[in-house]
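Quantities reported herein were computed from a predicted structural model and do not represent experimental measurements.
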Amino acid sequence: MTEQLKIPTHVAIIMDGNGRWATSRGLSRSMGHKAGSENLEKLARYIIKQGVKVLSVYAFSTENFKRSDEEVDYLMNLFTTRFKKDAKKYNKENIKVVFSGRDYPLRADVIKTMQEITELTKNNTGGTINICLNYGGQAEITDVVLKIVKDTKSGLIEEKNINEKLINKYLYQDLPPIDFLIRTSGEKRVSNFMLWQLSYAELYFPEIHFPDFNNKAFDDALLVFNRRERRFGGVK
Ligand code: IPE
Ligand code: IPE
Ligand code: MG
């Protein structure tokens, strides 16, 4: 069915609504994160199978450290256990996994897990999952500026060569621009996600909480994307 459809090269998902999914069922927020992580593994493989080259997912923002210790700990434990298991499945399907975000103040075991997954999947060529963990769009741009200043001072780059293309190379990952952003659960905001990369992305805000955003929901999202008319500042 999707053969005739335009498939976006880079899809990004703000995986929101785990907490609401859980509380509406009388469960703890943590159970929502568990359900969300189970959904991600299936959905990510499906999305890559549809021909999407890069899938970026927002797993934890720099601001999410404001949450209770209990919730943050639960999420960090999920990242070390669940992600490691999922990475083996991604690896079998030739999918590369990369991470975007700051290390500090992540736990050492979380950083180690990210390194192991990156290493395990680094030579895979069948699509990329970019997991944004302890990620903030403003933090990323700040880190880019700091690196560019450093490299300019040390003579590695010249000021006259600083342009959009170079800035892209200094981002956490050098990826194509985002074509399609999906934020589940209905909130209409980007919450500090990939501010540079979203410049001409089509935005879509389905009301479905992330644990329920299944393959069929992604098919529907693709239809929405296909009805959009992209102009990139030009005229039709
Ligand atoms: C998104 O779901 C997952 C993370 C932020 C880690 P939320 O936990 O934000 O769920 P809601 O928005 O409270 O329902
Ligand atoms: C964005 O969701 C972060 C992730 C999905 C990881 P939030 O739930 O943290 O965003 P706000 O607080 O509603 O803007
Ligand atoms: Mg939320």
Side-chain angles (χ1 to χ4, degrees), residues 11-45 47 55-91 95-121 128-140 143 172-173 181-187 189-195 205-206 208-214 217:
V11 170
I13 306 181
I14 300 177
M15 307 186 289
D16 197 22
N18 290 349
R20 278 164 280 177
W21 180 92
T23 45
S24 71
R25 284 165 174 74
L27 301 169
S28 67
R29 293 181 56 82
S30 295
M31 289 305 103
H33 295 314
K34 180 170 182 276
S37 71
E38 284 162 7
N39 186 48
L40 171 63
E41 182 266 309
K42 286 194 212 88
L43 182 69
R45 290 189 294 126
I47 290 176
L55 171 68
S56 289
V57 292
Y58 207 1
F60 193 88
S61 74
T62 45
E63 291 73 40
N64 286 149
F65 275 110
K66 291 178 190 164
R67 297 186 180 197
S68 71
D69 289 349
E70 187 195 344
E71 185 169 349
V72 171
D73 279 349
Y74 188 88
L75 282 163
M76 295 301 147
N77 292 339
L78 257 188
F79 298 150
T80 52
T81 54
R82 180 84 219 185
F83 278 13
K84 220 184 230 170
K85 223 167 86 195
D86 296 346
K88 289 190 184 128
K89 282 199 183 170
Y90 299 143
N91 191 42
I95 298 170
K96 183 172 173 174
V97 182
V98 297
F99 290 87
S100 293
R102 281 185 176 163
D103 281 351
Y104 183 81
L106 290 174
R107 287 177 355 200
D109 61 334
V110 175
I111 296 170
K112 188 164 166 262
T113 302
M114 294 194 295
Q115 288 164 345
E116 284 169 2
I117 294 173
T118 305
E119 183 61 28
L120 175 73
T121 64
T128 300
I129 302 173
N130 171 38
I131 300 177
C132 299
L133 206 168
N134 192 25
Y135 176 86
Q138 292 191 344
E140 179 171 33
D143 290 346
Y172 293 138
Q173 301 292 337
L181 172 77
I182 302 168
R183 179 175 184 144
T184 58
S185 222
E187 306 297 348
R189 52 178 175 259
V190 295
S191 302
N192 203 12
F193 189 48
M194 301 189 98
L195 303 176
F205 303 103
I208 309 165
H209 297 315
F210 185 71
D212 288 333
F213 191 85
N214 57 16

Checklist entry - So how far is it from E140 CD to Q138 CD, rounded to the nearest 0.5 Å? => result 11.5 Å
Next on the checklist: As an exercise, state the distance from CZ of F65 to CG of L75, rounded to the nearest 0.5 Å.
Outcome noted: 9.5 Å
Checklist entry - By side-chain hydrogen bond (donor to acceptor under 3.5 Å, both in side chains), which residues pair with N134, not counting sequence neighbours? => result none
Checklist entry - What are the two closest non-hydrogen atoms of S37 and L78, and how far apart are they? => result OG-CD2, 3.7 Å
Next on the checklist: For I208 versus A217, what's the shortest heavy-atom pair and its separation?
Outcome noted: CD1-CB, 3.9 Å
Checklist entry - How would you list, by chain and number, every residue that makes a side-chain hydrogen bond (donor to acceptor under 3.5 Å, both in side chains) with Q115, sequence neighbours excluded? => result none
Checklist entry - Who passes side chain to side chain contact (heavy atoms under 4.5 Å, CB included) against K89, sequence neighbours left out? => result E41, R45
Next on the checklist: Measuring from atom CZ of F60 to atom NE2 of H33, what distance do you get when rounded to the nearest 0.5 angstrom?
Outcome noted: 8.5 Å
Item to check | Closest heavy-atom pair and its distance - P206, F213 | outcome: CG-CE1, 3.8 Å
Next on the checklist: Run V98 and Y172 through side-chain contact (heavy atoms from CB on, under 4.5 Å) and show every step you take.
Outcome noted: CA-CA 10 Å; V98 297; Y172 293 138; over 6 Å; no
Item to check | D16 backbone acceptor or donor facing T184 side chain under 3.5 Å | outcome: yes
Checklist outcome for this item: Separation between OG1 (T62) and CG (L133), nearest 0.5 Å, reads 11.0 Å
Checklist entry - CG/D109 to OG1/T80 distance, rounded to the nearest 0.5 angstrom? => result 5.0 Å
Checklist entry - If you take all heavy atoms of P211 and A35, which pair is closest and at what distance? => result CB-CB, 3.8 Å
Next on the checklist: Ignoring hydrogens, what is the shortest heavy-atom contact between Y74 and M31? Give both atom names and the distance.
Outcome noted: OH-CE, 3.7 Å
Next on the checklist: What verdict does the side-chain contact (heavy atoms from CB on, under 4.5 Å) test give for M114 and D103, after you've listed the backbone C-alpha separation in whole Å, the side-chain angles of each residue and the deciding distance to 0.1 Å?
Outcome noted: CA-CA 10 Å; M114 294 194 295; D103 281 351; 4.1 Å; yes
Checklist outcome for this item: Taken to the nearest 0.5 Å, the spacing of K88 NZ from I117 CD1 works out to 9.5 Å
Checklist entry - Are L106 and M76 side-chain neighbours, meaning at least one heavy-atom pair lies under 4.5 Å? => result yes
Item to check | Partner residues of Y90 under the ring pair (Phe, Tyr, Trp, His ring centres under 6.0 Å) criterion, sequence neighbours left out | outcome: none
Item to check | CA sep, side-chain torsions, deciding dist, call: R82, K34, side-chain contact (heavy atoms from CB on, under 4.5 Å) | outcome: CA-CA 9 Å; R82 180 84 219 185; K34 180 170 182 276; over 6 Å; no
Item to check | Working for side-chain contact (heavy atoms from CB on, under 4.5 Å), residues D86 and L40 | outcome: CA-CA 9 Å; D86 296 346; L40 171 63; 5.7 Å; no
Item to check | Non-neighbouring partners of S100 that pass side-chain hydrogen bond (donor to acceptor under 3.5 Å, both in side chains), sequence neighbours left out | outcome: N130
Item to check | G36 backbone acceptor or donor facing N39 side chain under 3.5 Å | outcome: no
Item to check | Nearest atoms (heavy-atom pairs only) where I129 meets A44 | outcome: CD1-CB, 3.7 Å
Next on the checklist: Suppose we screen for side-chain hydrogen bond (donor to acceptor under 3.5 Å, both in side chains). Which residues come up paired with E63, at least two apart in sequence or across chains?
Outcome noted: N192
Next on the checklist: I'd like to check the salt bridge (Lys or Arg N to Asp or Glu O under 4.0 Å) partners of R189; sequence neighbours left out, ordered by chain and number.
Outcome noted: E187
Next on the checklist: According to salt bridge (Lys or Arg N to Asp or Glu O under 4.0 Å), who are the partners of K84, at least two apart in sequence or on a separate chain?
Outcome noted: E116
Checklist entry - Are the side chains of I14 and L181 in touch, meaning some heavy atoms are under 4.5 Å apart? => result yes
Next on the checklist: Angle between ring planes, F193 versus Y58, binned at 30° and 60°: parallel, tilted or perpendicular?
Outcome noted: parallel
Item to check | Contact check, side chains of T121 and I95, non-hydrogen atoms, under 4.5 Å | outcome: no
Next on the checklist: Using the salt bridge (Lys or Arg N to Asp or Glu O under 4.0 Å) criterion, which residues pair with D143? Sequence neighbours excluded.
Outcome noted: R102
Item to check | Pairs meeting criterion side chain to side chain donor-acceptor pair (under 3.5 Å) with involvement of residues 22-31, two or more places apart | outcome: R29-E71
Item to check | Any residue meeting side chain to side chain contact (heavy atoms under 4.5 Å, CB included) with T118, in chain and number order, not counting sequence neighbours | outcome: F99
Next on the checklist: Can you classify the ring geometry of F83 versus F79 as parallel (below 30°), tilted (30 to 60°) or perpendicular (above 60°)?
Outcome noted: tilted
Next on the checklist: Going by salt bridge (Lys or Arg N to Asp or Glu O under 4.0 Å), name the residues that satisfy it together with K96, two or more places apart in sequence or in a different chain.
Outcome noted: none
